[in-house]
Amino acid sequence: MLDALLDPTGPDRPAVRVGADALTRDGLLEAAGRYAAALAATGPAPVAVHATATVETVAAVVGGLLAGVPVVPVPPDSGPVEREHVLRDSGAGAWVGPAELAPGLPVVAPARAAAGPAAYDPDAVALVLYTSGTTGLPKGVPHTGRGLAACLDGLADAWAWTPDDVLVHGLPVFHLHGLVLGLLGPLRVGSPLVHTVRPDPAAYASARGSVYFGVPTVWHRVARSPADAAALRSARLLVSGSAPLPVSTFEAVEALTGHAPLERYGMTETGITLATRADAVAQAGWVGTPVGPTETRVDDEGRLAVRGPSVFTGYLGRATPDLSEDGWFTTGDVAEVGPDGSHRIVGRESVDLIKTGGYRVGAGEVETVLLDHPDVEEAAVVGVPDDDLGQRIVAYVVGPGLAGRAGVDDELVALVADRLSAHKRPRRVVVVDALPRNAMGKVVKSELG
Ligand code: MLC
Ligand code: AMP
């Protein structure tokens, strides 16, 4: 799957830069090969990686892939409840990260001598990504090398992405966007990567790349920083994804940079299934045509289903009712298809999946933590529209001991931060006497926010 990285005729130039640290192609193969050698000794169980934005994470992830050991990237800010769940649920047998964060798991240290790649099985699980559902703790999404490669080849074709490009982004390296597209993409295509550690407009401006990736929040911030935006004029492509790009942001970015952002659409479960091609005219609000051999289907109610080589084959260890036997995955997004075959994402079916800053957060996951507080009797978590984040998380709570108590919001935000990833914290906590409910007793979330 890492074709360009493993091509012995490829140039030994800086392949991956993360902040101030850079690895050449040979340097990365050496660093990753040392992890691969160590992993050969820990056995075939998945390796979980504390996925900070560092070259060490890059080496560990690539090392797992070279060794043929499934890699489970773990958000470095995940609280203990979330982290313990991911480690247990994935069946991880080894850990790259601080020992105290994964008690009981052997810590993998790079071996003295690098190992070369193990025999590659394209149908073996290469990565397990965790993503939120509407309720419960995050679910594991296994991807094979074949599926990931199909996704990346489709995008390389759509964007005419070649080794002559330099990719720039600063997205987290534990999700589909930052890790698969943003790291495995350059290693498959052979284009150098400049990872800016954080996706700040100033860092994007000084990186001088040709292709830039960002979530809409990043583009919103770029648009508010005209001098940095102007530095992106020399780029070839600005790509947005992971959440809807507001028309106002699309237009501001185009005016300041001279580039209409190319939107693409995907999901942790499906890979990137729709993309605006580099040679198409990008239109605000439209996310493009099927990637590679992907097929899409939109029913009378607008429900979007996708099928193709990058779509997963089911959650790890649990039923996957949204996946049909013949491979169609019902995304939960509502879409329309234009006369040119381009797709527009109109909304989501469930209010319980929130997208904040491009992160997917299940309302139920946050509600469960809030309900663990002794004074919280009822909780409803919603995403309310936010210019910068797309949606911001607001929690409504009910409990006789809460009303009028000073600092209750900080206490509940801290409780969430203590258990789950930082971006799952509510931005605001509202104490109410009662939650709006319908005749069936179900909370009417549309009346909140
Ligand atoms: C945040 N903060 C809070 C808070 N929430 N403080 C108190 N209470 C809360 N509830 C803090 C933050 O920790 C931060 O502190 C500061 O407030 C600013 O927070 P922010 O406004 O959220 O900004 P930032 O931290 O800069 O995050 C924005 C962002 C980030 C865009 C950088 O959201 C991000 O990296 N998003 C990318 C998500 C992503 O990659 N998704 C892809 C999923 S895959 P401090 O101290 O740190 O400044 C997918 C499929 C596909 O979707 O199609 O790609
Ligand atoms: P995740 O599971 O984090 O991979 O999030 C997937 C969800 O992000 C999709 O189901 C969509 O709701 C949303 N999404 C991703 N890309 C886009 C886009 N370009 N436009 C609108 N929504 C998007």
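Fair warning: this is a prediction, and the values are worked out from it, not measured in the lab. Order of listing sets the numbers, starting from 1, for every ligand and every atom in it. Just the heavy atoms: all of them, side chains too, but no hydrogens, waters or symmetry mates, feed the values below.
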Does an N or O anywhere in Arg264 fall below 3.5 Å from an N or O of ligand 2?
yes
Of all protein heavy atoms, the one nearest atom 21 (C) of ligand 2 is Pro244 N, 3.3 Å
Purely on distance, is any nitrogen or oxygen of Lys355 under 3.5 Å from one on ligand 1?
yes
Determine if the distance from atom 14 (C) of ligand 1 to the closest protein heavy atom is below 4.0 Å.
no
Please determine if Leu176 has a nitrogen or oxygen closer than 3.5 Å to a nitrogen or oxygen of ligand 1.
no
Considering only protein heavy atoms, determine whether one is less than 4.0 Å from atom 53 (O) of ligand 1.
yes
Give a yes or no on this: more than 12 heavy atoms of other residues, nucleotides or ligands lie within 6.0 Å of atom CG of Asp340.
yes
Under 3.5 Å donor-acceptor, Lys355 side chain and Ser242 backbone
yes
For Leu171 and ligand 1, does the shortest N/O to N/O distance drop below 3.5 Å?
no
Where does Ala243 meet ligand 2, judged by heavy-atom distances below 4.0 Å: at the side chain, the backbone, both, or neither?
backbone
Thinking salt bridges, do Lys139 and Asp89 make one under a 4.0 Å N-O criterion?
no
Considering only protein heavy atoms, which is closest to atom 13 (C) of ligand 2, and at what distance to one decimal place?
Ser242 O, 3.7 Å
Tell me the protein heavy atom at minimum distance from atom 49 (C) of ligand 1, and give that distance in Å.
Ser242 OG, 3.6 Å
Please report whether ligand 1 has a polar contact with Thr217, defined as an N or O pair separated by less than 3.5 Å (distance criterion only).
no
Among all protein heavy atoms, pick out the one at the shortest distance from atom 30 (C) of ligand 1; state its residue, atom name and that distance to 0.1 Å.
Tyr359 CE1, 3.8 Å
Protein contact to atom 38 (C) of ligand 1 [nearest heavy atom, distance to 0.1 Å]
Gly357 O, 3.4 Å
Taking distance alone, with no angle check, do Arg198 and ligand 1 share an N/O pair under 3.5 Å?
yes
Does Val287 have a heavy atom less than 4.0 Å from any atom of ligand 2?
yes
N or O pair under 3.5 Å between Thr356 and ligand 1
no
Any protein heavy atom < 4.0 Å from atom 18 (C) of ligand 1:
no
Please confirm whether Asp388 comes within less than 3.5 Å of ligand 1 when only nitrogen or oxygen atoms on both sides are compared.
no
Look only at interatomic distance and state if Glu269 has a nitrogen or oxygen under 3.5 Å from any nitrogen or oxygen of ligand 2.
no
Regarding Arg297 and the six-membered ring of Trp328, is the cationic atom NZ or CZ under 6.0 Å from the ring centre and inside 45° of its axis?
yes
Test of proximity, Arg425 against ligand 1: N or O pairs below 3.5 Å
yes
Measure from the ring center of His175 to the ring center of Tyr359 and say whether it is less than 6.0 Å.
yes
Can you find a pair of side-chain heavy atoms, one from Leu2 and one from Arg188, that are under 4.5 Å apart?
no
When you measure from atom 39 (C) of ligand 1 to every protein heavy atom, which one gives the shortest distance, and what is it?
Gly358 O, 3.9 Å
